[in-house]
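Single-structure report; data block below.
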Amino acid sequence: MEKRPVVLVVMDGMGLAETHLGNAVQQAHKPTLDYLYASCPHTRLRAHGLAVGLPTDGDMGNSEVGHNAIGCGQIYSQGAKLVNENIDSGEIFHSKAWKELVAFCKDGHKMHFIGLLSDGNVHSHINHLKALIKQAKAEGIHEVRVHALLDGRDVPDTSALTYVDDIENFMGELNDDTFHACIASGGGRMQITMDRYEADWSMVEKGWRIHVQGEGRKFASATEAIETYRKELGVIDQDLPGFVVAKDGEPVGTIDDGDSVILFNFRGDRAQEISRAFDGDASFDKFDRVKVPNVKFAGMLQYDADLQIPKMYLTEPPKIKYTLTEELCKHGIREYAISETQKYGHVTYFWNGNRSEKFDEDLETYVEIKSDVVPFEQRPWMKSAEITDELCAAIESGKYDFLRTNYPNGDMVGHTGSLTSTIIGVEAVDLGLQRVMESVKKVNGVLLITADHGNADEMYQAPKEGQPLKAKTSHTLNRVPFIVYNAKCKLKTDDNLGLSNIAATVADFLGIEPNEHWNESLLK
Ligand SMILES: O=C(O)[C@H](O)COP(=O)(O)O
Ligand SMILES: [Mn+2]
Ligand SMILES: [Mn+2]
């Protein structure tokens with residue numbers, strides 16, 4: 001095959017749904033995508049469940065597992081599954097980290113659990129938290145404090161109380177004369193603690209003050225905080241401000257010297273910054289931690305093995321080998337990756353099997369466009385134009401053989417639950433694609449277009465008879481497109497094909513032999 005530059009575009013969160021109702025992808029004015037579907041080879045891929053290493057086909061896809069699969073051409077058991085197995089076998093409680101943390105806080109100190117309180121299974125699962133609390137009691141811990149990040153992004157938008165009630169009932173049943181567990185602090189996941197890719201460290205600082213120092217608005221319970229904020233602000237769970245649970249004016253669970261802290265999220269992007277705040281020495285300068293308690297800290301997983309974030313962890317992360325980048329570097333292929341902050345790590349860190357370091361400084365170029373820190377329903381176009389400017393220039397420069405990008409709009413705007421804004425987000429992507437096509441055509445390249453999972457394709461929850469439609473903020477279980485522009489080819493259409501079939505396809509178009517460990521190419 002003649003050597004031509006290959007460009008791969010991931011339209012984050014733009015899946016394929018049958019229904020038109022609430023489908024921002026279908027409802028958008030998208031002449032470019034319409035043209036591509038009408039005139040170019042295309043197929044559908046699985047982007048959820050077993051096809052991306054999740055426990056069951058009931059699990060929706062997400063960016064981590066999606067970009068891992070695209071970037072390594074294989075299916076690895078992912079965090080959600082590995083933690084389940086580690087807990088089911090009891091191995092987790094024999095890990096070095098668990099033993100050290102238990103021993104450290106046993107006498108008169110507290111064990112803290114910080115994490116996303118839901119069953120979304122994207123960053124965490126409430127069942128994992130329950131298993132850890134139960135075992136903490138069994139091993140003689142007296143005090144447990146939960147710092148609950150409220151979801152509403154991977155689960156229904158106002159479901160926080162379901163999970164708060166669930167964990168409080170669970171802890172209530174365990175509580176007795178020797179053991180006391182309760183919620184100590186929390187807040188919406190888009191307000192505190194769970195920033196990613198250094199988009200907004202002030203979120204992490206807010207979380208630190210609330211969880212560690214007990215500094216924030218005080219309430220008698222998490223329920224009171226949620227109900228009060230909902231009444232006052234009318235916002236959905238992910239946007240609820242931080243709160244501290246207090247009794248007689250005193251926080252019930254600050255993080256103090258001698259305590260142990262477990263971050264029970266398994267996914268890495270939104271877990272790294274708070275981990276760095278806990279693990280960081282005196283040189284940590286992202287915000288003023290005021291006082292750093294002498295604690296032992298562990299993550300549910302190690303979120304970046306090269307950078308050792310965090311140093312202690314309960315579950316071994318998937319060891320993703322034979323990545324596309326590694327293989328392309330061996331062949332001297334010059335790579336270019338670009339996105340805006342919110343998805344920058346998706347096309348670098350997740351893409352390369354959760355490694356943020358480059359394989360080859362000379363062959364790889366990474367570009368980050370700074371994301372705005374605004375509610376994305378107010379700026380649904382996000383940085384699509386700026387990404388496109390840079391990408392088109394890179395394509396036309398002739399300096400790169402393989403270029404990739406992620407347009408975040410369908411996903412980031414989709415998560416806000418606003419159908420109108422998400423339609424505009426999809427239109428911004430469509431405009432970007434049109435410009436990318438022109439550049440690809442100029443250099444006689446090949447353009448591949450796909451998505452990592454659905455989101456914008458279903459903006460309403462399943463309708464319930466007699467009730468008004470409710471916004472849906474989470475991802476979907478739908479298939480995603482795979483489209484080839486400017487290359488004559490025939491694509492396979494088997495129902496079992498998924499994101500892990502893309503790596504070999506890219507290799508085919510670049511004219512190199514796919515790695516033997518990769519799943520088959522989509523080319524017939
Ligand atoms: O972290 C998030 O924003 C959501 O939980 C998942 O979205 P992503 O998998 O598309 O990043
Ligand atoms: Mn995504
Ligand atoms: Mn998403």
Side-chain angles (χ1 to χ4, degrees), residues 109-118 123-124 129 143-153 158-161 163-165 167-168 171 180-196 199-257 259-265 270-271 273-278 280 284 286-295 297 373 375:
H109 295 284
K110 305 179 271 322
M111 183 171 250
H112 299 265
F113 295 98
I114 304 176
L116 187 63
L117 187 70
S118 79
H123 294 267
S124 67
L129 173 63
E143 299 283 340
V144 160
R145 296 292 178 270
V146 172
H147 303 267
L149 300 165
L150 309 171
D151 193 344
R153 189 172 173 90
T158 46
S159 56
L161 288 173
Y163 304 105
V164 166
D165 290 349
I167 200 71
E168 286 189 332
M171 294 190 292
H180 182 242
C182 65
I183 296 182
S185 77
R189 54 176 287 179
M190 297 308 277
Q191 289 293 316
I192 62 165
T193 317
M194 279 178 64
D195 181 41
R196 69 173 161 208
D200 182 11
W201 270 100
S202 77
M203 274 173 68
V204 187
E205 176 171 13
K206 276 189 223 152
W208 178 269
R209 298 233 187 289
I210 280 164
H211 309 313
V212 178
Q213 283 139 354
E215 269 174 28
R217 187 162 163 196
K218 299 193 173 51
F219 296 90
S221 66
T223 304
E224 188 190 87
I226 294 166
E227 285 174 346
T228 310
Y229 282 143
R230 278 184 185 163
K231 243 184 261 149
E232 287 179 3
L233 305 168
V235 295
I236 58 177
D237 295 344
Q238 51 183 327
D239 299 321
L240 290 166
F243 63 85
V244 174
V245 178
K247 211 175 158 197
D248 306 324
E250 286 305 309
V252 300
T254 50
I255 300 181
D256 303 309
D257 291 343
D259 290 355
S260 292
V261 182
I262 291 175
L263 179 59
F264 65 90
N265 287 8
R270 296 188 185 277
E273 289 173 42
I274 187 74
S275 298
R276 285 166 63 188
F278 275 105
F284 178 86
K286 298 299 176 186
F287 60 86
D288 181 6
R289 292 173 294 176
V290 185
K291 181 181 168 277
V292 185
N294 175 25
V295 297
F297 174 83
V373 180

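Evaluation of the ring pair (Phe, Tyr, Trp, His ring centres under 6.0 Å) rule for F278 yields W208, F297 as partners, not counting sequence neighbours. Residues forming a side-chain contact (heavy atoms from CB on, under 4.5 Å) with D288 (at least two apart in sequence, or on another chain): V290. For E168, there are no salt bridge (charged side-chain N to carboxylate O under 4.0 Å, His left out) partners at least two apart in sequence or on another chain. Qualifying side-chain contact (heavy atoms from CB on, under 4.5 Å) partners for V244, counting only residues two or more places apart in sequence or in other chains: I210, K218, P251. Under the salt bridge (charged side-chain N to carboxylate O under 4.0 Å, His left out) criterion, D259 pairs with K110, not counting sequence neighbours. For K231, the salt bridge (charged side-chain N to carboxylate O under 4.0 Å, His left out) criterion is met by no residue, not counting sequence neighbours.
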Walk me through whether H112 and H211 qualify under side-chain contact (heavy atoms from CB on, under 4.5 Å).
CA-CA 9 Å; H112 299 265; H211 309 313; over 6 Å; no
Mind running side-chain contact (heavy atoms from CB on, under 4.5 Å) on V252 and C182 for me, showing each step along the way?
CA-CA 8 Å; V252 300; C182 65; 4.0 Å; yes
side-chain contact (heavy atoms from CB on, under 4.5 Å) evaluation trace for L150 with V164
CA-CA 9 Å; L150 309 171; V164 166; 4.3 Å; yes
Go through the steps to decide whether K206 and D195 satisfy the test salt bridge (charged side-chain N to carboxylate O under 4.0 Å, His left out), and finish with yes or no.
CA-CA 11 Å; K206 276 189 223 152; D195 181 41; over 6 Å; no
Test log, rule side-chain contact (heavy atoms from CB on, under 4.5 Å), inputs V212 and V295:
CA-CA 11 Å; V212 178; V295 297; over 6 Å; no
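Taking CD of Q213 as the start and OG1 of T254 as the end, the distance is 9.5 Å to the nearest 0.5 Å. We find the CZ-NE2 distance between R145 and H180 to be 5.5 Å, quoted to the nearest 0.5 Å. Distance check: M203 CE to F287 CZ gives 12.0 Å after rounding to the nearest 0.5 Å. Distance check: E232 CD to R217 CZ gives 4.0 Å after rounding to the nearest 0.5 Å. In this structure, CG on D237 lies 12.0 Å from CG on L149, to the nearest 0.5 angstrom. Interatomic distance, E273 CD to D200 CG, rounded to the nearest 0.5 Å: 8.5 Å.
Counting all heavy atoms, side chain and backbone alike, I262 lies closest to M111 at CD1-CE, 4.1 Å. Contact detail for S185 and H147: the closest heavy-atom pair is OG-ND1, 2.7 Å. The heavy-atom pair separating S275 from A271 by the smallest distance is OG-O, 2.6 Å. In this structure, R230 and S159 approach most closely via the heavy-atom pair NH2-N, 4.2 Å. Heavy atoms only, all atoms of each residue included: D151 and S118 are closest at OD2-OG, 2.8 Å.
Without hydrogens or angle criteria, S124 side chain to L116 main chain gives a donor-acceptor distance under 3.5 Å. The backbone N or O of N294 lies less than 3.5 Å from a partner atom in the side chain of D257, making a donor-acceptor pair. A donor-acceptor pair under 3.5 Å is absent between the side-chain atoms of R270 and the main chain of N265, judged by distance alone. Under a 3.5 Å cut-off, the side chain of E224 and the backbone N or O of A220 do form a donor-acceptor pair.
Among the candidates V235, I192, T158, the single residue satisfying the side chain to side chain contact (heavy atoms under 4.5 Å, CB included) test with L240 is V235.
In this pair, F284 and W201 present their aromatic rings perpendicular. The plane angle is above 60°, beyond the 30 to 60° band.
The closest side-chain heavy-atom distance from L233 to P241 is below 4.5 Å.
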